[in-house]
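Presented below is the structure to which this report refers.
No hydrogens, no waters, no symmetry mates; every other heavy atom, side chains included, goes into these values. To find a chain, count down the sequence lines: A is the first, B the second, and so on, and within it residues start at 1.
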Amino acid sequence: MRIFNLRGTTFVFCVVLFLFLISPVIPIVYQAFLDKPIYDATGTLGLGNFSRLLRDGAFLEATENTFYFAALSTVISLALGLALSLLFERVNLPLRKTLRLLFLAPIFISPLILSFAWSMLYGPGGYVSLFMRANLGFGLPNLYSIEGMSLIAGLSQAPISYLFFAAAAANIPNDLERSARISGAGPLRTIATIVIPLLKPAILSCAVLNFMLVVDLLAVPLIIGEPARIQVLATYLYTKGLIAAQVDYGIVAAAAVFMIIVVQLLVWVQTRWIGDTRRYVTVGGRSGRSARAKLGAMGWVITGVIGLFVLVTSIVPTGFLILRSFTSLLSPLLPIADVLTLANYDVIFSREQYVRSIWNTLIIASVGGFGALILTFVAAVFAYRTLPFARTVIEQVSVIPRAVPGLVVGLGFFYAVMLMPGGDWLRQTIVILMIAFTIRYFPTGFGALTPSFLQIGSDLDRAVRVSGGSRWAAVRDVTLPLTKTALVGAFMLYFIHFFKEYSAASFLFSPGTEVIGTTMLQLNLVGHLGSLAALAVIQLVITVPLAVFIYSRG
Amino acid sequence: MPDMITLNGVTKSYGAVRVLNPISLGIEEGSFTGLLGASGCGKTTLLNLIAGLDTPSGGEIRIGGELVYSDKGDTVVPAERRGVGYVFQSYALWPHMRVLDNIAYPLKVRGVGRSERHETARAMLERLELSKLADRYPFELSGGQQQRVAIARALVFQPKVLLLDEPLSALDVQLRERARGWLAKLQAELKLTTVIVTHDHVEALSLADRVILLREGEVEQDGPATEVYESPRTSYAADFVGGANTFAGHVEPVMPGRGGVRVALANGERLELATGSVPAGTPVRIAIRPRRVQLLSAGIEARPGSMVVPLEPTAKLFQGNDWEVVGNTALGEVRVISPSAPRDGAIFLGIHPDDCRLMLS
């Protein structure tokens, strides 16, 4: 009678998904223990790479720098995120919605673009530094330092911390705060004694998340750190594995394994913390929106401070980047009217490879994003609409890529296609980038879809079955229409992330498969800052409206 | 009447946890059966096993004579081909479909053409007095209306069996009483084999002609509703179905030739029950419904033949029509429901042997 073996199909899907998501890691681990390059069949296994790695001074220094850089960035991101989540969610600030959206801007301006903009504006040779030196006699503190790197990384990460805390704070039932108020505590005291203590677990897991993201961050160290010869693990991997004339496969793979272990440890710490958070879980009580305190004139002062902050950190740099794209050179020493030009855009649109990188990016973001969406939907259906074991397995499997830095995904895939039959063909098409990006952002997309699956009770699905509809009918007639909004949201997330992605791409692109991110890195390398700015503006024009649409809904 | 549903040694375990011990029973065609039990007793699991929403760990299930599950030979007919109507506790109306589309859906998946299925769905709506709601969306309906739409959807394809999972629990008290009457009338009209899962004994007793009481995955008692209420077999059944006071005691020998049972109770008194035969020395419990205990305060006399015990009241609660009095006696704690208010002064209880039931503890 059994026409369709559900258990078997589900099991096979879980295995395939696991292999797919772990695929970049396998060749790296293999290469790490291999004394010859992975394509050389004569290699033997051993620990040689690791002992060489540990004797490499550059690696040790990069490790040390990474920890300092990640720790400092995390502190900046957490402090900003926490402060602004309390201000935005608990205080009735004037212009709150606009400010909030502007504060979120670094999410949609990629760290790559932000780093370019900052270096052009606040770097040692940047516009503001030159202007101050010419008019005031002193410049800005050197941006090209670990502290400078941390500042940019912290700023670009702060919106993530903010969203994290805002979500956590929204889960605190209103009644807990109201009972503190009735007990006689003022609004500030309530925040200090009730809200923040309840946010403690969120603060700790958000710290781990930030740390991981910074370890994975390539743009900032590459743009800001490299000129000052400050290397972190990400740039160590990038230069040793990609830029160097003679790539040392073994040592690069060993370093990548080391990075995976570091991130894995952090994930472990985080899950342990989340396990402990149950004692903070508030029992009962409706979690209605808390009333926001009104501050009168003080509110305007705070709004002004936040406005100034947003202006200096993201609006002015972005505006400067746009201006830069329309000029041949931008310096306080030259009047702007003399340098205005469309030449930068001409360069972009007249060179085949630049135009191609824009098209490739668009195709990868839309077609690849759609493919990723289908995989995500299927995974969610298996996880939440089949058997209990599938949910446990798929939820665990889906987060694997989170523990693999983006660069490592690129590197691993680079190795994998060397071994794969047909890998050469794959390497020459953008399909390889679509696959790598899908792996990299699968946890994000899956996470965006999950809540809506959990929200639609499985009764709605079971009601189809008892009405006479098959499993497929249940998915088609109920699950799909009801998750439509979440699907659109997940697609837009994929689109934006695929559009911005550069680190996984940097190992995988080849002539013909450039994307905007890799082209920007190359333009930076050869110093064509005008064209770089023009390309950045093109990326912003395409992604920002979408991102504003997603994040303005709150 | 032949059985419409037959369970033969059906069990269910989740991992190492067994939620249903082997259960065998038949449900007669056209009958109305109540599956009653506390939460976690396995009653909804049993319903889901019949519907095919969950797979048993062993045994055999037949619906209308057709084998739909068997642990031998791997027979599992999926839910969509069992032809059972099911009403979920949450109603599970699809929020993105109009009422008419919700009801027409089972016909749609059966390949019925658009105009025909809408006609049938409309006829069903009319029958359940829902015609005006056809074009509304579920969120625009009241709880009572949602419940009826859910029932309409379950009935529209003329199922062999109707399964109801706590269908009234989401309604408020007044609405629940009305819906109960409506449901009883509907079932009587349709003569459709119906199984209702509930934790409310009033619901089970008033709707169903047969009540199956489940406890921790086992059938505690199974019989006509009146029998389950009047003659509970265990003190759990007595307490769960309607509430009962139980007193421990042991059986004493009776004079030869005299029938009945004589039970010695904790307060030293003896109660003689007219029926039953239990060997002397057996530990037993005596059960009596709170409503059958007579509340005696100044001026009220006990029924002749009653045992009278003094009560130390701990709570007197006015319930609208009745008074509930709780207190301690030499027999243990006793709950009484009385139409008359307890007066001031000493309170006694009258317990008549005819109102008492004997159970082996």
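Here the closest non-hydrogen pair linking A463(A) and R153(B) is CB-NH2, 3.3 Å. For V109(B) against G469(A), the heavy-atom pair with the smallest separation is CG2-N, 3.7 Å. Considering every non-hydrogen atom in both P95(B) and L460(A), the closest pair reads CD-CD1, 3.8 Å.
Residue contact with chain A, scored on non-hydrogen atoms closer than 4.5 Å, is absent for R82(B). Contacts of L107(B) with chain A are absent, with no heavy-atom separation under 4.5 Å from either backbone or side chain.
If you take OG1 on T483(A) and NE2 on H96(B), they are separated by 9.5 Å, rounding to the nearest 0.5 Å. The NZ atom of K108(B) lies 12.0 Å from the OG atom of S467(A); values are rounded to the nearest 0.5 Å. How far CG of D54(B) is from CZ of R462(A): 7.0 Å, rounded to the nearest 0.5 Å.
Within a 6.0 Å radius of CZ in F389(A), other residues, nucleotides and ligands contribute more than 12 heavy atoms. A 6.0 Å sphere centred on CZ of F18(A) holds no more than 12 heavy atoms belonging to other residues, nucleotides or ligands.
Considering only heavy atoms from C-beta on, V464(A) stays 4.5 Å or farther from E80(B) through its side chain. In this structure the side chain of Y91(B) never reaches within 4.5 angstrom of the side chain of D459(A), judged on heavy atoms.
Under the 3.5 Å distance criterion, the side-chain polar atoms of R465(A) are left unmatched by any main-chain donor or acceptor of A51(B). In this structure, W94(B) contributes its side chain and V478(A) its backbone to no donor-acceptor pair below 3.5 Å.
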